Each structure stands twice: as C-alpha cells, then as structure tokens.
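Computed from a predicted model, the values in this text were never measured in an experiment. Residue numbers begin at 1 in each chain, while the letters A, B, ... track the order of the sequences.
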2 protein chains.
Amino acid sequence: MAGYPQFELDHQLCFALYTASRAMTRAYGPLLADTGLTYPQYVTLLALWRDPGQARSVGELGERLHLDSGTLTPLLKRLASMGYVTRSRDAADERRVLVTLTADGLALRDRLAAVPMSIASCLGMAPSEGMTLREQLTALTESLEASA
Amino acid sequence: MAGYPQFELDHQLCFALYTASRAMTRAYGPLLADTGLTYPQYVTLLALWRDPGQARSVGELGERLHLDSGTLTPLLKRLASMGYVTRSRDAADERRVLVTLTADGLALRDRLAAVPMSIASCLGMAPSEGMTLREQLTALTESLEASA
DNA sequence: CACGTTCATATTGTGTGCAATAGAATTGCG
DNA sequence: CGCAATTCTATTGCACACAATATGAACGTG
C-alpha cells in the first residue's frame, strides 16, 4: 500500500512555513523582552517608525500589516496603555481612529536599533539569500491572497 | 536624515514570513470548512495519518509539530470531541496520554485527499520551486531553533 | 434634506500559541 | 528500599488571529 504521499508532513510547504514563522516569532521574544513588546506589536511599530510624525488610521495600519480591526484594536490599546502610541478619533471623519507615536514610542526605535542585526545572525544564511527568500514569500502571499 | 533602513517593513524577512504564514492558514479555511477543522488541527491529523494504527503520545506529536502541551492539549480535546481521535492514558506509563485516530478521523484522509492539490494551485509557483522554498524554510527553522 | 447604503472601527466568540506553574508518575542514586 | 530529581501532561494567564456582528458616521440619491 503506497499510502497518501500528498499528505507527508515533511513535503508540505504550508507546514514548513507555519513552523518557520513560529520559530521566527519565538526568536524575537528575548530581544523584545526589555521593552515588554510582543512580535506583532513590534511589527506595528515598524510601520509607524517609517514616518514618525504621520498619524495612521487603524485601517491603513491593517492594510499595511494584513491584519483586521479585531486584531489591531486590542493590540493598539495595549501599545497605548504602555505609552508608546496614542489613539484618537479623526476630527475630519469621526469613523476613523488615528494612531500616533508618542515620544516614548519613537525612542524605542533607538533602543531596538540592534534587533534586526541580532536576528540576521540567527538566520543561518547570507543577506542575499535572505533577500531572495523574502521576495519569494512576498510573491507567495500575493498568490494566496489573489486566490481567496 | 537617512533614517533607519534596517527597520523598513518591506525589507524584513520576518514580516514576509509572518504574512505568508497567515495567508496560507487563511487559504486552508474554505477547504477545511466542511469538516469543521482548523489548520492546526489539520496539521495534527497529517501527523496521525502517517501511520494510522500507531498511537502517539502528546509529547511525540508536540515534537513533530513543534508545539507544546499548552497548545496541543485543548486542540486534541477538540479533535476528540469531534470524534476524530481518542485520548487515553498509557497503561505502561501513566504520565503519558496516547492519541489514536478513530475510523472517522481516518476517513477524513479520503475526504480531504484533494486538499494538497487545491492549495498547490494557489501558490503561483512550480512544484520544484515550492520544494526548494520548503527546504529553505526548514533550514531556517533549524537555524532559528539552534540560536534559541 | 431625508434615508438607505456604505464605510470604519469596535465587540464577541472561538481557537490557537506559549511562558509559567502545577501535579502526578517514573527514574535513578545512594 | 527511600526519596530527590526528572519526566510528562494539564492548567492558567495573556496575547494574538479572524469570522461574524454591531455601532455609529459619512455619503449619495431622489
């Protein structure tokens, strides 16, 4: 009986992706522990650090991060309670909530400046390899989201 | 001011990985909806389908899936409540809990036989590309877990 | 300018993930 | 044999993810 080769766990791209993603998140844990941040919170700050004076709506952040309000609303409330962002209704459109970095939130960028290099040293690959892998994963995301 | 190029969201391998993994999980949703399974439950069944008569301890499954008991215990209880597995203490070592496929759990393997091909058609890449990507991700996981 | 539709965010409910702890069983060492 | 250390699973607490729904604001059409 040959079995069901299409179900072999070690042949599944999905499983390799799922496992690698969780390993990556765990790798950030010790690097973020000082600041009390989780990995999703760190990624949210990455989006905000891009242009620190610029306020973003929840929807803009969600589009950028591929996350919905059910995830972002409580996450942003926790960032606000830690003093890293502020949340306020947009005066021009009261449906929108604007998220802005605080001085403390911006200061985190300097405190965490070495994090990307620390992670890079754990990847076991050259920067060019990482770049290629990143591009393949981005293309994969686009294909998967287009099929939805 | 040049800024902080190391923090550019679109240059982060971690973010591409995080986003792709969630996109993949979402892609499985419609394919598993009929069975009531979630993606982590499906992956757990993949491990069990490998050798359907073989009982596994929670620890063995956790090692295979890189998941701990805090995740697996409730997940396996849900699979048991759906009738797809049974859970029982190992008579030879009462610390261990043995997980076994039921007939219904095994029958799912036939009901879901087309799932891997359906997913493959959403990936936007040739099988050989997917295989290479999978190998790179597996190597990445090993590097990240070795650095822990 | 009313009012139904659409838009933006919040809430609810379910199911992971994982660190930390607890608790029971087994093992190993003297 | 006795008991401390170890092993294995379960529990607890917290933080995502996301579908489904609710709520309120803004818009468009007549």
Between C/dA10, D/dA26, D/dC18, which nucleotide gets closest to the side-chain atoms of A/D93?
D/dA26
Check whether any side-chain nitrogen or oxygen of B/R96 sits under 4.0 Å from OP1 or OP2 of D/dT7, and answer yes or no.
no
Please report the interatomic distance CZ(B/R56) to CG(B/L72), rounded to the nearest 0.5 Å.
13.0 Å
Using a cut-off of less than 4.0 Å, is there contact between a side-chain N or O of A/S57 and OP1 or OP2 of C/dT9?
yes
From the list B/L37, B/L106, B/L101, side-chain contact (heavy atoms from CB on, under 4.5 Å) partner of B/Y84 resolves to B/L37
Choose from D/dT9, C/dC18, C/dT9 the nucleotide whose nearest atom is closest to any side-chain atom of A/S69.
C/dT9
note: A/L67, atom CG; C/dA10, atom P; distance rounded to Å ~ 14 Å
Closer than 4.0 Å, any side-chain N/O of A/T73 to the OP1 or OP2 of C/dA10?
yes
Taken to the nearest whole Å, CZ/B/R87 to P/D/dT11 is 8 Å
What integer distance in Å separates A/L65:CG from D/dC16:C1'?
13 Å
Comparing A/Y39 with A/D90, nearest DNA chain D nucleotide closer to 5' gives the residue A/Y39
Give me the ring orientation class for B/Y4 and B/F7: parallel if the planes are under 30° apart, tilted from 30 to 60°, perpendicular past 60°.
parallel
Spacing between A/L61 atom CG and C/dA10 atom P, to the nearest angstrom
11 Å
Comparing nearest nucleotides in DNA chain D, the 5'-proximal residue of the pair A/G70, B/V58 is B/V58
Output yes when A/D104 and A/R111 qualify as a salt bridge under the 4.0 Å nitrogen-oxygen rule, no when they do not.
no
Between C1' on C/dC18 and CD on B/E145, what's the gap in Å once rounded to a whole number?
14 Å
Value in whole Å for how far the C1' atom of C/dT16 lies from CZ of A/R22
10 Å
Between B/D10 and A/R50, does any side-chain N to carboxylate O distance fall below 4.0 Å?
no
Compare side-chain N and O positions of B/R78 against OP1 and OP2 of C/dT16 and report whether any pair is under 4.0 Å apart.
yes
Distance test, side-chain N/O of B/Q41 to OP1/OP2 of C/dG15, below 4.0 Å
no
Nucleotide D/dC16, atom P - distance to CG of A/L72 in whole Å
10 Å
Using a cut-off of less than 4.0 Å, is there contact between a side-chain N or O of B/K77 and OP1 or OP2 of D/dT11?
yes
Tell me the interatomic distance from A/R95, atom CZ, to C/dA10, atom C1', rounded to whole angstroms.
15 Å
Counting heavy atoms from C-beta on, name the nucleotide in D/dA26, C/dG17, C/dT16 closest to the side chain of B/T38.
C/dT16
OP1 or OP2 of D/dA17 sitting under 4.0 Å from any side-chain N/O of B/Y18?
yes
